[in-house]
There are 2 protein chains.
Amino acid sequence: MTEQQASGDGVTGARHGRRPTMSDVAEKAGVSRALVSLIFRNAPGASEQTRQRVFDVAKEIGYRPDTAARTLASSRTRTLGVMLTIRNPFHADLVESCYAEADRVGYDIVLSTTVPTRDEERAVDALVGHRCEALILFGPKMSAAYLTQLSREHPVVAISRKVPDATLDSVHTAEAKGVRQAVDYLVSQGHRDVIHIDGGAGPGSAERRKAYRAAMRKHGLAERIRVIPGNHTEDSGMRAAEVLLSEDALPTAVLAANDRCALGLLGALHKAGVKVPQEVSVVGYDDSRVAMLSHIGLTTVHQNADELGRLAVRTAVERIESPNAPARELVLDPELRVRDTTGPPR
Amino acid sequence: MTEQQASGDGVTGARHGRRPTMSDVAEKAGVSRALVSLIFRNAPGASEQTRQRVFDVAKEIGYRPDTAARTLASSRTRTLGVMLTIRNPFHADLVESCYAEADRVGYDIVLSTTVPTRDEERAVDALVGHRCEALILFGPKMSAAYLTQLSREHPVVAISRKVPDATLDSVHTAEAKGVRQAVDYLVSQGHRDVIHIDGGAGPGSAERRKAYRAAMRKHGLAERIRVIPGNHTEDSGMRAAEVLLSEDALPTAVLAANDRCALGLLGALHKAGVKVPQEVSVVGYDDSRVAMLSHIGLTTVHQNADELGRLAVRTAVERIESPNAPARELVLDPELRVRDTTGPPR
DNA sequence: CTTCATCACTAGAGCGCGCTAGTAGAGCGC
DNA sequence: GCGCTCTACTAGCGCGCTCTAGTGATGAAG
C-alpha cells in the first residue's frame, strides 16, 4: 500500500462545525422554528413565498432534518426495518422490490445485514433501536421461540420462513411444490440417483427436505433418497462436492439447497473436471438474478422476488395499521426454470 | 398466490403496546432513570448487584434502548454511514470487512443502498439524517462538485474513486496497474485485438480506460484500441456482446469494466454459442468472491476487499478524530488472477 | 470526634424536532 | 362599527435519552 497526501488544499481547513438546526434556518429566514418545521413536513399553512425562502436558506446553510430528533418527536417513524444477508444475491433482488413498494406507500427502509461477525439478533436489535414500525426478515434462521417473542413486541413479516402456529405474518413460496417440480423433471429425464444438499437450519429447508423425500418416494425411488447436510452458502456446495468426489460413483443429479449452494457445487465440480450436465445435473433454488445472468445458465426453481418483496412491504404496512388482525400467510407458486445445468443422465 | 390465515392464535391479541422506556425499567427496578442510563452505557458507578437487577428487569419487560433518543442526547453517535449498491457483489465483500473493522474500533454501521428507484443523493441524505459521524461511499458516481461539497460538511471517505484536488480521503486500488497487468498478460498470450468495455461514469473507469489505451500503445497496438461504452452492471456486458456479435469478426479478448459486466458478457456469449476462452478471452475487474466461486473461474483483476474496507473504516475514524488533518489517498496494489476465461487466441 | 475520599446513586437540563393550541391581522357581510 | 372566518404564523411542551453537577452514606485517616 502506498499513501499520498492529496494534492488539494492540503490541510482541509476548519470544517465540519456544528450541524445546522431548524432554529438556524428559522433565524436566518426571519420566521419561527415552528414554521420551518411545518414547511419541512410539507404541511399546509405557509405561504408559497415563505416556503421558498425557507428552502433557499436551508440549502444555503446546508441544513438537513435530523432523523433522530424527528423520530423522537413523532410517534410515527414511517420506517420499515429489513434484515438481510448481504452476501445473498436473492436478497438483493428482494431489497430492490421492497424499496420500490415502500416508496409507493410512503415508508422509509432501514437495512440491517448479518455478516459472519454480526448475528441475526444484533441485526434485529439495530432495527428495533431505530424504532422501525415493522420488521421484515429475509429468511430468518433464528429460533421459533425468539421469532415468536419478537412478533409479540413488534409487527414482523418473515420472508421464506414458515412458522408453525404463527403469530406473525409470512410471505413465502410453496417450497414443496418447487421441489416436486424439480424432482419430477429430473426423473422424467431419466434420473434415478437424485440427491439433495439441504439448507440446514436455513429458511424453507425443512419443507424442501421433506418434499424431496416425498417426491422420491412417489417415484418409487425411496431407496435412492440421500440428503447431504449443508446450508445456504457457496461453501456448503463446495464441501458437498468434496464428499461426492471422494466416493466411488457420483449421483446423476443434485438438488442444491439454493442458488448459492449450487454455485459452490458447480465451482468445485468444474475444478475436478466433472462435466455439467453431461456427468451430473444440478438444480438450484431461488433464481436470483445473478444465476440467470451468468453464463452458468443454472437450472433453478424460480421465486418471484418482485412479488415477494412487494407483498412483504404491503403486509407489514397493513399489520402496522391493524395490529390485531389475524396473522396471514401468503404463498406464491414457484416455477422450475430449466436452463443449462440439467440434462439426461450419462 | 394463495392466502391463508395462520393456524396460530388466530387473532393475535392486543400486542405491540407502548414501547418500554428507561423510566419503566427504573421504576420497576426501584432505581433512578439516571442509574439505568449509566448501566446501559456500561459506565462505572453502579454496584454489580444493581447492574444485574436492572438488566434482568429490562429483559423481562422487553426494554431496548432507543437509538433515536440516544443519538439526540449525545453529541457522538459512534456511527459510520456506508453508501453502497446492493446489487454489486464486490460491495458485499466490502461491507463484511467494514463491519469487522468497525466492531474492532467500537463503531456502528448504517447501510444505505442505491437501487434503481433511489439515487445516490437520497442514499446519502438518509445517512446524514442518521447523524453518521462519517460517510464511506462505495464507488460513488456523483459529481465531483457534490462530493466536494459533501466532504466540506462531513468527513467522507470514498472507496474506488479518485477525486482530483481532493478535499476528501480516498481508498482505492491502483487502477492503471491492474489494467496494465491484464493487457500485458493478454498480449503475452498472443492477443492483439484486445478491446475494452468501459465503466462509463463508474468509479475508476476513467483511469482504467486511460490505462487500457496506454498499455495498448505501449505494445504497438494503438490501431487496435477500441472502447465500447458500458457501465458497471451485467446489462452493459450483455449489450456489448450484442454489438460484438453483430459484427463480422469478434475480437480475441475483452477487458470488461468489472466482474458484473464480465458476467453479463459471458452469459450473452454463451447463449450465442461462443466458446470462452477458445474463441474469446474475457477479463473482469474486482475479483468479487462470487466470481471466484462460480464455476466460471473468471480471470479478473483482484482488489483486496478486506483491506479496502478495513482501511476505509480506519481512515474514517481518524478523520473524525482529527477533522483538520490533510486529506489522504491510500492506494493498494491490484493483482491479476488468471483463471479459466482467458487463454491464447484462436 | 471531625474531615475527607469514595461509592452508589439522583436531579434536572437539554439534544432537535413534531405537534397542539393558540394569536394577529386581513377580508368580508351586515 | 361588530363579529365572523380564514390565512399565516408562533409559543412551548414533551419525545427518551445522555451527562453534568450534585447528594447522602460509609469508612478510613488524623
Side-chain angles (χ1 to χ4, degrees), chain A residues 17-55 57-58 61-79 106 108 125-126 128-133, chain B residues 17-55 57-58 61-79 106 108 125-126 128-133:
Chain A
R18 204 183 109 274
R19 176 189 172 115
T21 72
M22 218 167 234
S23 301
D24 298 329
V25 178
E27 194 175 335
K28 184 137 192 191
V31 295
S32 71
R33 197 184 49 70
L35 189 61
V36 178
S37 162
L38 182 154
I39 289 171
F40 266 89
R41 273 177 288 140
N42 264 321
S47 68
E48 199 42 57
Q49 193 187 339
T50 310
R51 213 172 269 274
Q52 198 49 57
R53 185 158 39 91
V54 164
F55 279 134
V57 169
I61 66 178
Y63 167 77
R64 304 190 207 219
D66 183 327
T67 311
R70 272 199 158 156
T71 297
L72 189 57
S74 67
S75 47
R76 302 287 310 270
T77 59
R78 296 199 76 82
T79 296
D108 271 348
D125 278 349
V128 173
H130 279 301
R131 267 256 207 58
C132 296
E133 294 187 34
Chain B
R18 207 183 104 274
R19 178 189 169 114
T21 73
M22 218 167 233
S23 300
D24 298 330
V25 178
E27 194 177 334
K28 184 137 192 190
V31 296
S32 71
R33 199 179 43 71
L35 189 60
V36 178
S37 164
L38 181 153
I39 288 171
F40 266 89
R41 275 177 286 141
N42 265 324
S47 68
E48 198 42 55
Q49 191 186 340
T50 310
R51 212 171 270 273
Q52 197 49 56
R53 186 156 41 91
V54 165
F55 279 134
V57 168
I61 66 177
Y63 167 77
R64 304 190 208 220
D66 183 327
T67 312
R70 271 200 159 156
T71 298
L72 189 57
S74 66
S75 48
R76 302 289 311 269
T77 59
R78 295 198 77 80
T79 296
D108 271 347
D125 278 349
V128 173
H130 279 302
R131 270 255 206 56
C132 297
E133 294 187 33

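Basis for what follows: all heavy atoms, side chains included, without hydrogens, waters or symmetry-related copies. In what follows, every chain begins at residue 1, and chains take the letters A, B, ... in the order their sequences are listed. Just so it is clear, the model here is predicted, and its values are computed rather than measured.
- One can place CZ of B:Arg53 at 13 Å from P of C:dA8, the figure rounded to the nearest angstrom.
- C:dC15 atom P lies 12 Å from atom CG of A:Asp24, rounded to whole Å.
- Using a 4.0 Å cut-off, no side-chain N or O of A:Ser37 falls inside it from OP1 or OP2 of C:dC17.
- Of the two residues near DNA chain C, B:Ala73 and A:Arg70, the one whose nearest nucleotide lies more 5' is B:Ala73.
- Distance from the side chain of B:Asp66 is smallest to D:dC17 among C:dC19, D:dC17, C:dC15.
- Residues from residues 25-36 of chain B that place a heavy atom under 4.0 Å from any atom of DNA chain D, listed by number: B:Arg33, B:Ala34.
- Within 4.0 Å (heavy atoms only), A:Thr50 reaches sugar-phosphate atoms of the nucleic acid but no base atom.
- Computed from coordinates, the B:Ile39 CD1 to C:dA8 P distance equals 11 Å when rounded to whole Å.
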When Watson-Crick pairs (N1 to N3 and N6-O4 or O6-N4) and G-U wobble pairs (N1-O2 and O6-N3) count only below 3.5 Å on both distances, what is the dot-bracket string of DNA chain C, with | for other-strand pairs?
||||||||||||||||||||||||||||||
Dump the intermediate steps for side chain to side chain donor-acceptor pair (under 3.5 Å) on B:Ser37 and B:Arg41, then the final yes or no.
CA-CA 6 Å; B:Ser37 164; B:Arg41 275 177 286 141; 2.9 Å; yes
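- Within the nucleic acid shown, B:Ser47 comes within 4.0 Å of sugar-phosphate atoms alone, with no base atom in reach, counting heavy atoms only.
- Side chains of A:Val54 and A:Leu35 form no contact here, defined as non-hydrogen atoms less than 4.5 Å apart.
- Under the side-chain hydrogen bond (donor to acceptor under 3.5 Å, both in side chains) test applied with A:Asp24, the options A:Arg19, A:Arg33, A:Arg18 reduce to a single match, A:Arg18.
- For the pair B:Ser47/B:Arg51, no side-chain contact is recorded, criterion being any heavy-atom separation below 4.5 Å from C-beta on.
- Rounded to whole Å, the distance from CD on B:Gln49 to C1' on C:dC9 is 14 Å.
- Nucleic acid contact class of A:Arg131 (heavy atoms, under 4.0 Å, all strands): sugar-phosphate only.
- Both B:Leu38 and A:Ser23 sit near DNA chain C, but only B:Leu38 has its closest nucleotide nearer the 5' end.
- The residue A:Thr21 sits close only to the backbone: its heavy atoms come under 4.0 Å of sugar-phosphate atoms, none of a base.
- The residues A:Arg78 and A:Asp108 are annotated as not salt-bridged, no charged nitrogen and carboxylate oxygen being separated by less than 4.0 angstrom.
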